[in-house]
Chemist: 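My questions will all concern the structure given below.
Please read these numbers as outputs of a predicted model, since none were measured by experiment.
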Amino acid sequence: MALIVQKFGGSSVKDRDRIFNVARIVANTHNAGNDVVVVVSAQGDTTDDLIAKAAEITHNPSAREMDMLLAAGEEISIALLAMALNELGCHATSLTGWQAGFRTDRAYTKARITKLETERISSELERNRVVVVAGFQGLNKLDDITTLGRGGSDTSAVAIAAALHADRCQIFTDVEGVYTADPRKVRNTRKLDEITFDEMLELASLGAQVLNNRSVELAKKYNVELEVLSSLNPVPGTVVKEVVKDVEGMLIKGVAKDTDVAVITILNVPDEPGTSFKIFGLLAQKNINVDIILQSTGRDGKKDISFTCAESEAETALRVLRESAKFDQVICDETCAKVSIVGAGMQSHSGVASKMFEALSNSNINIKMISTSEIKISCIIDREDADKAVSAIHDMLFE
Ligand code: ADP
Ligand code: ASP
Ligand code: MG
């Protein structure tokens, strides 16, 4: 007998038929003699719909109230799935995030899990019940409901698998696994049999939303092997793990895009020690996550510094730079996107970057910034070119 954690995303539970489809998968796993903990997301577009409802009331909702609102989405799913399981004769108990023992820090809307108290889940399993847990939510020290950020149910599932030392953690979704690019947007994508935690973490962080990046971080930390697979088509998916078989010729594992990017440039700052510290120290104090940084060569004692951050954080960054740092020439470009390629194979092979640049050049796409690490290359380009760029790069590297 094994302990299996199965997570189902929003599209997998979007209506009655999909809920029964999930219930059958879970019941079959349980009937085969396994203990099963299920984690579910809100149905279909429920989370987006709840955000839209809040916007009807105010443009500046309190983060605490947003979490109270958004947590409701997952609570509907757990109750309906538990009812469906019981209809199939499979005894199930639904638990909210806090009932399941998720404790988080105080950061409403982007909370981090600090502890998982597993007593309640374990006692339900001992009673031979399937446990259906609401993903994406927990409770902070003030006994307030918090949520883990978009896509956070993946993280809930991995956390449960890690804490209970589960034998398997399956992430069911609406595609058959992790592909070389988003299979809904790019033609001729290939499904990967396996991918390493490091590569998947890069892909997820660079915009491939098939897995939430924190969930991959957590899976790597606790060595929880993940399987990404379809809830609609029972074929083998993609396994995410520490070490994978070296597939001949597969230098690159995927192409991703992120359109939530703003480029901020501060013109004519002093070309002297301490300037970067002043800028990025202030941004760090405001918890702004800076990504690519580019600095021009100094001339006449002045230089320009550009950096990228999430578009949602650009307004705060601009305020900090103009008001706290007193820079008067700060500009923000919110028409950018980041396209990236990821693959551990590029560490030992040359020429990968030039292929990427060739694809962009052939499509007449201008590169505004470039950033590289051992296993990824990212280019900042015009947002309107993002889909064309991903397809061109994918064609160049995979055909
Ligand atoms: P869920 O609701 O199950 O959590 P998500 O919508 O969060 O599902 O993630 C699945 C989606 O991720 C797919 O429908 C697909 O369009 C998108 N996606 C983006 N990049 C990739 C990729 N490289 N491989 C697979 N799917 C991807
Ligand atoms: N329902 C949440 C979202 O839409 C969490 C999740 O689906 O993982 O982001
Ligand atoms: Mg998701």
Chemist: Scan residues 196-216 for pairs that pass salt bridge (Lys or Arg N to Asp or Glu O under 4.0 Å), counting only residues two or more places apart or in two chains.
Modeler: Asp198-Lys220, Glu199-Lys253
Chemist: Apply the hydrophobic cluster definition, ILVMFWY joined by side-chain contacts under 4.5 Å directly or through others, and give me every member besides Val243.
Modeler: none
Chemist: Same cluster or not: are Ile370 and Ile393 linked, directly or through other Ile, Leu, Val, Met, Phe, Trp or Tyr residues, by side-chain heavy atoms under 4.5 angstrom apart?
Modeler: yes
Chemist: Measuring from Thr316:OG1 to Leu321:CG, what's the distance to the nearest 0.5 Å?
Modeler: 10.5 Å
Chemist: What I want to check is whether the side chains of His394 and Thr189 have a donor and an acceptor closer together than 3.5 Å.
Modeler: no
Chemist: Does Glu117, at its CD atom, have more than 12 non-hydrogen atoms belonging to other residues, nucleotides or ligands within less than 6.0 Å?
Modeler: yes
Chemist: Under a 4.0 Å threshold between the charged nitrogen and the carboxylate oxygen, would Lys245 count as salt-bridged to Asp193?
Modeler: no
Chemist: Is there a donor-acceptor pair closer than 3.5 Å between any side-chain N or O of Asp382 and the backbone N or O of Asp385?
Modeler: no
Chemist: Side-chain atoms of residues 270-289: list all donor-acceptor pairs with protein atoms under 3.5 Å, sequence neighbours left out, distances to 0.1 Å.
Modeler:
residue: Thr275; atom: OG1; partner: Pro270; partner atom: O; Å: 2.8
residue: Thr275; atom: OG1; partner: Glu272; partner atom: O; Å: 3.1
residue: Lys278; atom: NZ; partner: Ala325; partner atom: O; Å: 3.4

Chemist: Is it the case that Thr335 and Asp333 place a side-chain donor and acceptor less than 3.5 Å from each other?
Modeler: yes
Chemist: Side-chain polar contacts of residues 161-171 - donor-acceptor pairs under 3.5 angstrom, sequence neighbours left out - could you list them?
Modeler:
residue: Asp167; atom: OD2; partner: Leu3; partner atom: N; Å: 2.7
residue: Gln170; atom: OE1; partner: Gln6; partner atom: NE2; Å: 2.9
residue: Gln170; atom: NE2; partner: Glu227; partner atom: OE1; Å: 3.4

Chemist: Check side-chain hydrogen bond (donor to acceptor under 3.5 Å, both in side chains) between Arg127 and all other residues, then give those that pass, not counting sequence neighbours.
Modeler: Glu124
Chemist: With no hydrogens and no angle check, just 3.5 Å: does a side-chain donor-acceptor pair link Asn34 and Thr29?
Modeler: no
Chemist: Same cluster or not: are Ile365 and Val186 linked, directly or through other Ile, Leu, Val, Met, Phe, Trp or Tyr residues, by side-chain heavy atoms under 4.5 angstrom apart?
Modeler: yes
Chemist: Between Arg106 and Asn140 (side chain of the first, backbone of the second, donor and acceptor by atom type, cut-off under 3.5 Å), is there such a pair?
Modeler: no
Chemist: Give a yes or no answer on whether the side chain of Asn28 reaches the backbone of Arg24 with a donor-acceptor pair at less than 3.5 Å.
Modeler: yes
Chemist: Please list, chain by chain and in numerical order, all residues satisfying side chain to side chain contact (heavy atoms under 4.5 Å, CB included) with Leu318, sequence neighbours excluded.
Modeler: Ile264, Arg322, Val330, Cys332
Chemist: If you count every heavy atom of other residues, nucleotides or ligands that lies below 6.0 Å from Asn223 atom CG, does the total exceed 12?
Modeler: yes
Chemist: Do you see a donor-acceptor pair shorter than 3.5 Å between the side chains of Thr147 and Asp67?
Modeler: yes
Chemist: Donor-acceptor pair, distance only, cut-off 3.5 Å: does the side chain of Glu65 make one with the backbone of Ser62?
Modeler: no
Chemist: On a heavy-atom basis, which atom in Ile160 and which in Leu116 lie closest, and how many Å separate them?
Modeler: CA-CD2, 3.7 Å
Chemist: Counting only heavy atoms not in Asn233, do more than 12 sit closer than 6.0 Å to its CG atom?
Modeler: yes
Chemist: Please name the pair of heavy atoms, one in Phe307 and one in Ile266, separated by the smallest distance, quoted to 0.1 Å.
Modeler: CE2-CD1, 4.4 Å
Chemist: Of all the heavy-atom pairs spanning Ser41 and Gly10, show the shortest one and how long it is.
Modeler: CB-N, 3.6 Å
Chemist: Would you tabulate the side-chain donor-acceptor contacts of residues 341-361 under 3.5 Å, counting partners in other chains and residues two or more places apart, or write 'none'?
Modeler:
residue: Gln347; atom: NE2; partner: Ala344; partner atom: O; Å: 3.1
residue: Ser348; atom: OG; partner: Gly345; partner atom: O; Å: 3.4
residue: His349; atom: ND1; partner: Gly345; partner atom: O; Å: 3.3
residue: Ser354; atom: OG; partner: Gly351; partner atom: O; Å: 3.1

Chemist: Salt bridge (Lys or Arg N to Asp or Glu O under 4.0 Å) with Glu315: which residues, sequence neighbours excluded?
Modeler: none
Chemist: CD/Glu74 to OG1/Thr46 distance, rounded to the nearest 0.5 angstrom?
Modeler: 8.5 Å
Chemist: Restricting to ring-ring contact (aromatic ring centres under 6.0 Å, His included), what partner residues turn up for Phe8, sequence neighbours left out?
Modeler: Phe172
Chemist: What are the two closest heavy atoms between Asp258 and Leu206, and how far apart are they?
Modeler: CB-O, 3.6 Å
Chemist: Considering residues at least two apart in sequence or located in another chain, which fulfil the side-chain hydrogen bond (donor to acceptor under 3.5 Å, both in side chains) criterion with Gln329?
Modeler: Asn268
Chemist: Scan for salt bridge (Lys or Arg N to Asp or Glu O under 4.0 Å) pairs involving residues 43-55, sequence neighbours excluded, and state none if there are none.
Modeler: Asp48-Arg150
Chemist: Which atom pairs, donor and acceptor, lie under 3.5 Å between side-chain atoms of residues 78-92 and protein residues at least two apart or in another chain?
Modeler:
residue: Asn86; atom: OD1; partner: Ala92; partner atom: N; Å: 2.9
residue: Asn86; atom: ND2; partner: Ala82; partner atom: O; Å: 3.2

Chemist: Going from OG1 on Thr297 to CD on Gln295, what distance comes out if it is rounded to the nearest 0.5 angstrom?
Modeler: 8.5 Å
